[in-house]
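Worksheet: one structure, shown below.
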Amino acid sequence: TAVVADRSRPPYLHTRELWTSDGTEEGTVAVVAPNRGHVGNLIVIDDLLYFTTDSTLGLWVSDGSTEGTHIVRDFAAIGDDFVTWNGKLYFAADGGDGLELWESDGTAEGTKLVEDIFPGQQGSHPSSLTVVGDRLYFAADDGVHGRELWEFDGTPSGTRMAADVRPGNLSSHPDELTASGSWLYFTADDGVHGRELWRLDTQWNLPRSGDVDGNGVVDFADFLIISANFGRTDATPEEGDLNYDGTVNFADFLLLSRDFGKDFRPEVVFHLDFDGQIRDGSMQTLPLAVGPSVTPDAPGPILESGTQL
């Protein structure tokens, strides 16, 4: 069992260190690490404890022994939002490109940048990392759409914006991300209703809309992308494989034809209405508010209890 304790006596004045305990006084000992400092962000994956210290900015791991406690990688900055998914740790860190999404398997080689969402030094500042089903959702700013809802499916090209709740370059600032079944609940401000409660149907991804280039409308530009990649067996959805069957073919053209001219984004995002009723089952971003739309309710923390929030 890993614990954090404060040994407030010389030479350990006001230092919160990493300890291990088997539940007995004799079996409760400090795990001494080089340049030890205040320990935080403890999370266990398999047999490794991941954590951070304020003495050395970076990601640390420990197997409970002094010898097995070491830094995995230095960072210029590292966030406090740690989440475990598919046997790996996901977190925000600055490895030279600003705060971006990283993953780690506990080794230096397996600690790597997932995606440079906001190229340059500013960083996209991922936050509120939340796993729903087979995807990781978070809030991030790509420098184009503002701070919106993003997702990662675990594949090399699987990072993309899940919903542009406030279209354009202004931000909806998604927050309080909470998983409940296949739904992702969160608060956001679409610029019309104020900050309200929203939900995303994470199982609505197949088939994807015909909006291949993700500009919010299905148009001739999407047709050109599918045409250019027709017959490819290694294409991503952003390259024309709309139905995720591994090949860009006539089925993808049919999906595009079905949606041609529509103005919508690929996921289903519902803004919860004041009476809790869903008004429309289409793939558009819909206002569905927990309070009158003229007055933002600014809902607070979202907690799941059984089948209710």
Side-chain angles (χ1 to χ4, degrees), residues 1-116 123-132 134-138 152-156 158-159 177 179:
T1 301
V3 295
V4 175
D6 188 348
R7 292 202 291 187
S8 297
R9 64 176 186 272
Y12 309 105
L13 290 174
H14 308 296
T15 301
R16 292 180 60 81
E17 296 179 337
L18 183 65
W19 290 61
T20 183
S21 177
D22 61 5
T24 67
E25 183 176 354
E26 298 77 15
T28 302
V29 296
V31 179
V32 180
N35 301 316
R36 54 186 173 273
H38 291 243
V39 174
N41 300 320
L42 279 69
I43 188 169
V44 175
I45 305 177
D46 296 329
D47 296 325
L48 282 180
L49 173 71
Y50 295 75
F51 64 98
T52 60
T53 77
D54 62 0
S55 61
T56 304
L57 286 177
L59 179 66
W60 289 70
V61 294
S62 177
D63 62 4
S65 68
T66 299
E67 299 76 15
T69 302
H70 59 91
I71 191 167
V72 177
R73 192 190 193 283
D74 288 306
F75 289 104
I78 189 166
D80 294 328
D81 201 354
F82 281 19
V83 65
T84 174
W85 181 47
N86 291 337
K88 294 182 180 180
L89 177 71
Y90 289 86
F91 58 101
D94 182 353
D97 301 304
L99 280 170
E100 294 288 356
L101 183 64
W102 284 70
E103 67 178 14
S104 178
D105 62 3
T107 67
E109 298 77 13
T111 301
K112 54 189 177 180
L113 178 69
V114 172
E115 182 78 17
D116 189 5
S124 65
H125 292 257
S127 65
S128 301
L129 278 62
T130 304
V131 175
V132 186
D134 60 354
R135 298 194 178 188
L136 174 66
Y137 292 88
F138 55 96
F152 172 54
D153 65 10
T155 64
T159 304
L177 275 63

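Being a predicted model, the structure only gives us computed values, none of them experimental.
Pro126 approaches Ala92 most closely through the heavy-atom pair O-CB, 3.6 Å. The two residues Trp85 and Val131 make their nearest non-hydrogen contact at CD1-CG1, 3.5 Å. Taking each heavy atom of Thr24 and Asp22 in turn, the nearest pair found is OG1-OD1, 2.7 Å.
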In residues 96-104, what donor-acceptor pairs under 3.5 Å come from side-chain atoms, sequence neighbours left out?
residue: Glu100; atom: OE1; partner: Ile117; partner atom: N; Å: 3.2
residue: Glu100; atom: OE1; partner: Ser124; partner atom: OG; Å: 2.6
residue: Glu100; atom: OE2; partner: Phe118; partner atom: N; Å: 3.1
residue: Glu100; atom: OE2; partner: Ser124; partner atom: N; Å: 3.1
residue: Trp102; atom: NE1; partner: Ala93; partner atom: O; Å: 3.3
residue: Glu103; atom: OE1; partner: Tyr90; partner atom: OH; Å: 2.8
residue: Glu103; atom: OE2; partner: Lys88; partner atom: NZ; Å: 3.4
residue: Ser104; atom: OG; partner: Gly106; partner atom: N; Å: 3.0
residue: Ser104; atom: OG; partner: Thr111; partner atom: OG1; Å: 2.7

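With sequence neighbours left out, the side chain to side chain donor-acceptor pair (under 3.5 Å) criterion links Asp80 to Asn41. Take Ser127 and apply the side chain to side chain donor-acceptor pair (under 3.5 Å) test, not counting sequence neighbours, and it matches Arg147. A search for side chain to side chain donor-acceptor pair (under 3.5 Å) contacts involving Asp105 returns Thr107, not counting sequence neighbours. Applying the side chain to side chain contact (heavy atoms under 4.5 Å, CB included) rule to Asp74 yields the partners Thr56, Ile71; only residues at least two apart in sequence or on another chain are considered. Considering only residues two or more places apart in sequence or on other chains, Asp63 meets the side chain to side chain donor-acceptor pair (under 3.5 Å) condition with Ser65.
Annotation: side chain of Thr20 is in contact with side chain of Val29 (closest heavy-atom distance under 4.5 Å). The shortest distance between side-chain heavy atoms of Leu136 and Val114 does not fall below 4.5 Å. Contact check for Phe75 versus Asp94: no side-chain heavy atoms found under the 4.5 Å cut-off.
Put simply, the residue from Thr52, Leu129, Leu42 that forms a side-chain contact (heavy atoms from CB on, under 4.5 Å) with Phe82 is Thr52.
Taken from CZ in Phe138 to OG1 in Thr130, the straight-line distance is 11.0 Å, to the nearest 0.5 Å. Between Leu59 atom CG and Tyr50 atom OH the span is 7.5 Å, to the nearest 0.5 Å.
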* Test log, rule side-chain contact (heavy atoms from CB on, under 4.5 Å), inputs Leu18 and Leu49 -> CA-CA 10 Å; Leu18 183 65; Leu49 173 71; 3.5 Å; yes
* Asked: Could you go step by step and tell me if Phe51 and Thr69 meet the side-chain contact (heavy atoms from CB on, under 4.5 Å) rule?
  -> CA-CA 10 Å; Phe51 64 98; Thr69 302; 3.9 Å; yes
